[in-house]
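Ligands are counted one by one from 1 in listed order, and the atoms in each one are counted from 1 as well. Hydrogens, waters and symmetry mates are skipped; everything else that's a heavy atom, side chains included, is used.
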Amino acid sequence: MEALNHLRRVGAHLSLRLLPPRCLLCGAPGDRLDLCAACREDLPVNTVCCARCALPLEHPAAQCGACLRRKPRWDAAWVPFRYAWPLDRLEARYKFSGQLAAGRTLAELWAQRTPPAKPQWIVPVPLHRRRLRERGYNQALELARVLARRQRVRLRHDVLRRVRATQAQTELDATARRRNVRDAFELRLTAKLPAHIAVVDDVMTTGATLSECARVLKRAGVQRVDVWALARAPLPGQR
Ligand SMILES: [Zn+2]
Ligand SMILES: [Zn+2]
């Protein structure tokens, strides 16, 4: 299985080098990326949102009502896209169909944007080793790799460990999501942590997973924890 995944990855890499870019969504010639200019225009951006939790809003705000009522454990969120058509198609292919070209394209689109603040380390949300074996790659880590390289920030994937294989969050409501990921992560690194870390995930919905990671890092003494995700999904029941 692992060998097969490796071959698939090498194959995807090679085909990307040899073929001219082609839009993954409509098949038109790509505009440097594997995406054409028109499809790129269609990507739903999340520029008007809460600075604290990235919830899409009518007007930008430092904090939304939910953040005022219940302060998130992290300090700031950076989530440049919304999880809607056609980005959701690319993400689903990346995450569930092993289409790494889609992941690379998403990572590039993300890395071309500027984060509100530069952390000292970028830490991807870890997968449980069983899930990692099944999928062959950690979708958050592959995105984080590109971000770290582009922003010249250290990537550390040895900071957190997922100690519990949690149920997929997709079908759960906000309370169940929180419960599902509680104590799912622990600190793996014993070395000194820097003052400012950004935790990276692919999709953020209620933020329960990122919140648990932030909790572990804050407890370990990290002063500022930002959460970064590619796309903000509507809250359960909001669809
Ligand atoms: Zn296209
Ligand atoms: Zn908010």
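Geometry at the Zn ion (ligand 1): SG/Cys26 and SG/Cys39 form an angle of 110°, nearest 10 degrees.
For the Zn ion (ligand 2), protein N, O or S atoms closer than 2.8 Å were enumerated as Cys50 SG, Cys53 SG, Cys64 SG, Cys67 SG, with waters left out.
Between Asp34 and Cys23 there is no side-chain heavy-atom pair separated by less than 4.5 Å.
Under a 4.0 Å N-O distance rule, the pair Glu212/Arg73 qualifies as a salt bridge.
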Verdict with reasoning, Lys95 to Asp202, per salt bridge (charged side-chain N to carboxylate O under 4.0 Å, His left out):
CA-CA 9 Å; Lys95 191 167 179 173; Asp202 53 342; 3.2 Å; yes
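Counting only residues at least two apart or on different chains, no salt bridge (Lys or Arg N to Asp or Glu O under 4.0 Å) pair has a member in residues 50-72. For residues 115-129, there are no salt bridge (Lys or Arg N to Asp or Glu O under 4.0 Å) pairs, not counting sequence neighbours.
Side-chain contacts under 4.5 Å among hydrophobic residues (ILVMFWY), followed directly or transitively, place Val225 together with Trp74, Val79, Trp121, Val123, Val125, Val159, Leu160, Phe185, Leu187, Leu189, Leu193, Ile197, Val199, Met204, Leu210, Val216, Leu217, Val222, Val227.
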